[in-house]
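See structure below.
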Amino acid sequence: MILMKVSHFINTIIEEDIESGKHKRAITRFPPEPNGLLHLGHARAIITNYTMAKNHGGYFNLRFDDTNPVKEDISFVEGIKEDIAWLGCEWENLFFASDYFNEMYQRALLLIKRGKAFVDDLSAEDIKKYRGNLTTPGKESPYKNRSIEENLQLFIDMKNGVYLDGSKVLRAKIDMTSPNMNMRDPIIYRIQRAHHYNTGDEWCIYPMYDYAHPIEDAIEGITHSLCSLEFEDHRPLYDWVVKYCEMEKIPRQIEFGRLIMANKVTGKRNLKQLVENNVVMGWDDPRLITLSGQRRRGVPPEAIVDFINALGLPKTQGPTEIDMLDQFVRDHLKTSAPRTNAVLDPLKLIVDNYPEDKVEYLEVENNRENEALGTRKIPFSKYVYIEREDFIEVKPNKKWKRLALGIEVRLMHAYFVKANSIVKNEQGVITEVHCTYDEATKSGSGFNERKPNGNIHFVDATHNQKAEIRLFEDLILDFKDKDIPFIEKINPDSLIIKHGFIEEGMKVKKGDRFQFTRNGYYSVDKDTTKDNIVFNRIVSLRSSFKKKAV
RNA sequence: UGGGCCAUGGCCAAGUGGUUAAGGCACCGGACUUUGACUCCGGGAUCGAUAGUUCGACUCUAUCUGGCCCAGCCA
C-alpha cells in the first residue's frame with residue numbers, strides 16, 4: 001500500500017510520543033473476533049492502525065481476539081486474513097489471543113494474590129441485581145471478602161473444572177459505586193465448557209474482553225491501541241488491568257469514531273442474519289459492504305483505501321453516503337479499465353443499405369485516456385444491437401442526443417446512421433429499427449460536414465457473445481425507518497439480471513474489470529463458466545441525462 | 001435519569017483566537033466532447049442555541065438543546 005500523509009488527532013498524539021521519547025516507534029494492531037467477516041467499517045480500523053504504524057517506523061499486528069469459543073470459528077480467521085491482505089495491509093505478526101491464555105491465567109493469579117480479584121458465587125441474575133443501574137450505585141457481592149488463599153484455591157479449581165458452567169466467576173475488585181458501569185467489579189473470567197478452535201478443550205475458563213485485551217496489547221508491546229468510540233468507557237478499566245497485572249509495557253488506548261455507511265447493513269449479527277436466511281448469495285454478495293462483497297463486486301482495494309483516508313479520522317459518527325466511495329472507484333478505473341461495448345437491453349437495428357453478408361472490422365482504442373491499453377477490432381455488419389433506451393420514435397426535445405425516426409446519430413467507431421422506420425409486434429413493442437448509413441461518415445475518416453445528433457454504441461448482432469449482467473440496487477428499502485426490522489424491508493428487486501451481448505473478441509477472466517461504454521464499470525463474477533459469462537456492475541458512470549418522469 | 005463522547009452547507013470533512021470559513025461527494029448552471037462519461041469554468045454555509053471572556057471567537061468559559069455509547073458470565 002502506498003502510504004498516505006494523514007493528519008488527525010491520533011497522528012498528533014503519536015508524533016508527540018515519539019518526539020518526547022516516550023516511544024521510538026508506533027506498534028499497532030487490528031484485533032477482530034473471528035465470528036463473522038469484515039465490512040467497510042472495519043476498513044477504517046485496519047487502515048488506520050496499519051498506516052499509523054508504518055508512518056511512524058513501527059509495525060502492525062493482526063491478532064484474533066478469540067476469547068469466546070462459543071461464537072468463533074476458524075473459517076472466519078481465513079476470511080479475515082484474506083480481506084486484510086486484499087486491502088494491502090501487511091501484518092508483521094499473526095497472533096491469537098488464545099495463545100496468551102496461560103499468561104492471562106498467571107496474571108489473574110497475581111491479581112488474586114494482590115487482593116485485587118475475588119471469586120464470586122453469585123448467580124448471573126444476582127450479579128445483575130447487585131450491579132445497580134445507571135442512576136443507582138451497585139452493592140458489593142457478599143463473596144467479595146473471601147481470603148486471598150480461598151480465592152486462589154477457588155480460582156484454581158475453576159480452572160481445573162471443579163465447578164459447573166456459570167456457577168462462579170472471577171471478578172476484579174474495583175468500585176461498585178462507580179458511575180462508570182464497567183468499573184463495578186467487572187467479571188474477568190467465566191466458566192464455559194466449549195471447544196475452542198485453537199486451544200481445543202484445554203480450558204474451561206475463558207477471560208473476558210476487558211481483562212484480556214489490555215494484556216494482549218501489553219504482551220505484544222502495542223504502543224497505541226486504536227479502537228472505536230464505544231470503548232471510551234472501558235479505558236479506565238483497560239488502564240486498571242495494565243497497572244494491577246503489573247504489565248511491563250504500557251499500551252495506550254485511543255478511540256476514534258466508527259465509519260457508518262448510509263443505508264447499508266453492518267454489524268456482524270445483522271450480516272449473519274442476511275447470509276443465513278439466504279437473502280443474499282453469501283458473505284461476499286456484491287450488495288453487501290463486506291470487504292469480501294466489495295471484492296467480488298469488483299471494487300479496487302485502492303479505492304477503499306483512498307476513500308478511508310479521505311474521510312479522515314473524526315470522532316463524529318454520521319452516516320457517509322456510498323456515492324463518495326463510488327467516485328473513488330471511478331477514479332481508479334477510469335484509466336486502468338479497458339473500455340468495451342455491451343448492450344444490456346438489446347434492440348435490433350438494421351442498416352438497410354449495408355451489404356447483406358459484409359462484415360468489417362473496425363479498429364477501436366481500448367481506452368481513449370490511456371493509449372497504453374492498445375486497440376482492438378470490433379465487427380460491424382448490416383445487423384447490430386443498440387440499447388433499447390437509445391431509441392425513441394419521435395425526438396422529444398432538443399436535449400435528446402440519441403436515435404429517433406428521421407434523426408441521424410453516430411454509431412461510435414462506425415458510421416452515422418439515420419433511422420427511417422420501425423417494426424412493432426402485436427403488443428406494440430418495437431422489435432426492429434431500420435436505418436441507412438452514410439459511408440462517408442466512417443469513424444476516423446475526418447468527416448466533419450455535419451454533426452450527428454449524438455453518439456450511441458452498439459454490438460454487432462451477428463458476431464458477439466452473450467452475457468449475464470447483474471445490476472445491484474439497495475438491499476434494504478426505507479432504511480431510515482427504525483421501527484421496522486431491516487429483515488422485513490428487503491428490496492425484492494435489489495438484484496436485476498440482464499441478458500445482453502458483449503463484443504465478439506472480448507476475453508474475460510474472473511475478476512477482470514471493464515468499462516461498458518456509456519454505461520458503467522463491470523467486473524467478471526466468480527459465477528462465470530465456459531457457457532455463461534457473468535458480470536457485476538461495480539458502479540455506473542455518472543450521468544447528467546435525466547429521464548423525464550413518464 | 002448517573003457517567004462518557006459528539007455537534008461546521010443535503011452527506012463527509014479541514015479549521016486549536018485575527019482566513020473572503022479548505023477540500024471531496026451530491027446538486028444546479030455553462031464550456032468542451034466519437035462515452036449525456038472524462039476534463040474545465042461557475043454556483044451556495046457565519047460554524048446546534050444563548051450568555052460571557054476578548055480589541056477580535058468556528059476556535060476559550062458557562063448554561064441549554066440535540067445525537068451516540070454504557071446497566072452481557074459478548075467483543
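Just so it is clear: chains get the letters A, B, ... in the order the sequence lines come, proteins before strands, and each one is counted from 1.
Of all nucleotides present, only rC70(B) satisfies the Watson-Crick or G-U wobble test against rG2(B), with each distance under 3.5 Å. In this structure, rA45(B) makes no Watson-Crick or G-U wobble pair, since no nucleotide meets both defining distances under 3.5 angstrom. Both distances falling under 3.5 Å, in either a Watson-Crick or a G-U wobble arrangement, place rC40(B) opposite rG30(B). rU53(B) is unpaired under the criterion used here, namely a Watson-Crick or G-U wobble arrangement in which both key atom distances are under 3.5 Å. The partner of rA7(B), taking Watson-Crick or G-U wobble pairs whose two distances both stay under 3.5 Å, is rU65(B).
Scanning atom types as modelled, no donor and acceptor separated by under 3.5 angstrom connect the side chain of Asn180(A) and the base of rG3(B). For rG36(B), its base never sits under 3.5 Å from the side chain of Arg518(A) at any donor and acceptor pair.
The phosphate of rG72(B) has OP1 or OP2 within less than 4.0 Å of a side-chain N or O from Lys128(A). The phosphate of rC73(B) (OP1 or OP2) has no side-chain N or O of Gln192(A) nearer than 4.0 angstrom. Within the 4.0 Å cut-off from OP1 or OP2 of rU39(B), not a single side-chain nitrogen or oxygen of Arg330(A) is found. Of the side-chain N and O atoms in Thr316(A), none sit less than 4.0 angstrom from OP1 or OP2 of rC68(B). Taking only side-chain nitrogens and oxygens, Lys451(A) never comes nearer than 4.0 Å to OP1 or OP2 of rU33(B). Between rC74(B) and Arg190(A), a contact under 4.0 Å exists linking OP1 or OP2 to a side-chain N or O. At the phosphate of rU33(B), neither OP1 nor OP2 sits under 4.0 Å from any side-chain N or O atom of Arg368(A). Between Arg542(A) and rA26(B) there is a side-chain N or O to OP1 or OP2 distance below 4.0 Å.
A perpendicular orientation is assigned to the rings of His234(A) and Tyr209(A), their planes being inclined by more than 60° (bins at 30° and 60°). A parallel orientation is assigned to the rings of Phe96(A) and Phe64(A), their planes being inclined by less than 30° (bins at 30° and 60°).
Within the 4.0 angstrom heavy-atom criterion, only backbone atoms of the sugar-phosphate kind lie near Asn455(A); the bases stay farther away. Counting any heavy atom pair closer than 4.0 Å across all strands shown, Leu122(A) reaches a base atom. Residue contacts shown for Gly444(A) include a base, since a base heavy atom lies under 4.0 Å away. Nucleic acid contact for Thr320(A): sugar-phosphate only, since backbone atoms but no base atoms lie under 4.0 Å from a heavy atom of the residue. Using a 4.0 Å heavy-atom distance criterion, Gly166(A) is classed as a base contact. At the heavy-atom level, Thr67(A) lies under 4.0 Å from the strands shown only through sugar-phosphate atoms. Using a 4.0 Å heavy-atom distance criterion, Arg410(A) is classed as a base contact. Within the 4.0 angstrom heavy-atom criterion, only backbone atoms of the sugar-phosphate kind lie near Ser544(A); the bases stay farther away. In this structure, Thr135(A) reaches the bases: a heavy-atom distance under 4.0 Å links it to at least one base atom across the strands shown. Glu369(A) comes within contact range of at least one nucleobase, with a heavy-atom separation under 4.0 Å. Across all strands shown, Pro319(A) has heavy atoms under 4.0 Å from sugar-phosphate atoms exclusively, and none from any base. Residue contacts shown for Glu321(A) include a base, since a base heavy atom lies under 4.0 Å away. Contact annotation for His234(A): base contact, defined as any heavy-atom pair under 4.0 Å involving a base atom. As judged by a 4.0 angstrom heavy-atom cut-off over every strand, Leu325(A) is placed among residues making no nucleic acid contact.
With distances taken from any side-chain atom of Lys401(A) to the nucleotides rA37(B), rC12(B), rG36(B), the minimum falls on rG36(B). The side chain of Tyr209(A) lies closest to rA75(B), out of rA71(B), rA75(B), rG36(B). For Ala124(A), whose side chain is taken as the heavy atoms from C-beta onward, the closest listed nucleotide among rC73(B), rG36(B), rC69(B) is rC73(B). You'll find that the side chain of Lys315(A) is closest to rC5(B), out of rC68(B), rC5(B), rG72(B).
Distance noted for atom P between rU46(B) and rA22(B): 13 Å (whole Å). With C1' as the reference atom, rU8(B) and rG4(B) are 23 Å apart, rounded to whole Å. Here the separation of rG66(B) from rA71(B), taken at their P atoms, is 23 Å to the nearest Å. Taking atom P on both nucleotides, rG43(B) is separated from rG24(B) by 13 Å, rounded to a whole Å. If you take atom C1' in rU59(B) and the same atom in rA7(B), they sit 14 Å apart, rounded to whole Å. Using atom C1' as the reference point in both rA13(B) and rG23(B), the two lie 8 Å apart (nearest Å). With C1' as the reference atom, rG67(B) and rC28(B) are 31 Å apart, rounded to whole Å. When the C1' atom is compared between rG52(B) and rC11(B), the two are found 34 Å apart, to the nearest whole Å.
Straight-line distance from the CE atom of Met183(A) to the P atom of rC70(B): 18 Å, rounded to whole Å. Between the CD1 atom of Ile13(A) and the P atom of rU16(B) there is a distance of 17 Å, rounded to whole Å. Here the C1' atom of nucleotide rC73(B) and the CG atom of Asp120(A) are 11 Å apart, to the nearest Å. In this structure, Ile191(A) places its CD1 atom 14 Å from P of rC73(B), rounding to the nearest Å. Atom-to-atom, CG of Asn519(A) to P of rG36(B) comes out at 11 Å; the value is rounded to the nearest Å. Atom CG of Asp306(A) and atom P of rA13(B) are 17 Å apart (whole Å). Nucleotide rC38(B) holds its P atom 16 Å from the NE2 atom of His457(A), rounded to whole Å. Regarding Glu255(A), its CD atom lies at a distance of 14 Å from the P atom of rC70(B), rounded to whole Å.
Asn198(A) and Asp99(A) are linked by a side-chain donor-acceptor pair at a separation below 3.5 angstrom, with hydrogens and angles left out of the test. For the residue pair Thr375(A) / Glu363(A), a side-chain donor-acceptor distance below 3.5 Å is found, with atom types taken as modelled.
A salt bridge does not link Glu140(A) with Arg184(A): none of the charged nitrogens is closer than 4.0 Å to a carboxylate oxygen. Between Asp185(A) and Lys144(A) a salt bridge is recorded (basic side-chain N to carboxylate O distance below 4.0 Å).
Residues meeting the salt bridge (Lys or Arg N to Asp or Glu O under 4.0 Å) test with Arg171(A), sequence neighbours left out: Asp120(A).
Under the 6.0 Å distance and 45° angle rule, Arg107(A) does not count as a cation-pi partner of Tyr100(A). For the pair Lys139(A) and Tyr130(A), the cation-pi criterion (under 6.0 Å, within 45° of the ring axis) is fulfilled.
rG30(B) adopts an anti glycosidic conformation, its chi angle falling more than 90° from 0.
Here Leu38(A) contributes atom CG and Ile80(A) contributes atom CD1; the two are 5.0 Å apart, rounded to the nearest 0.5 Å.
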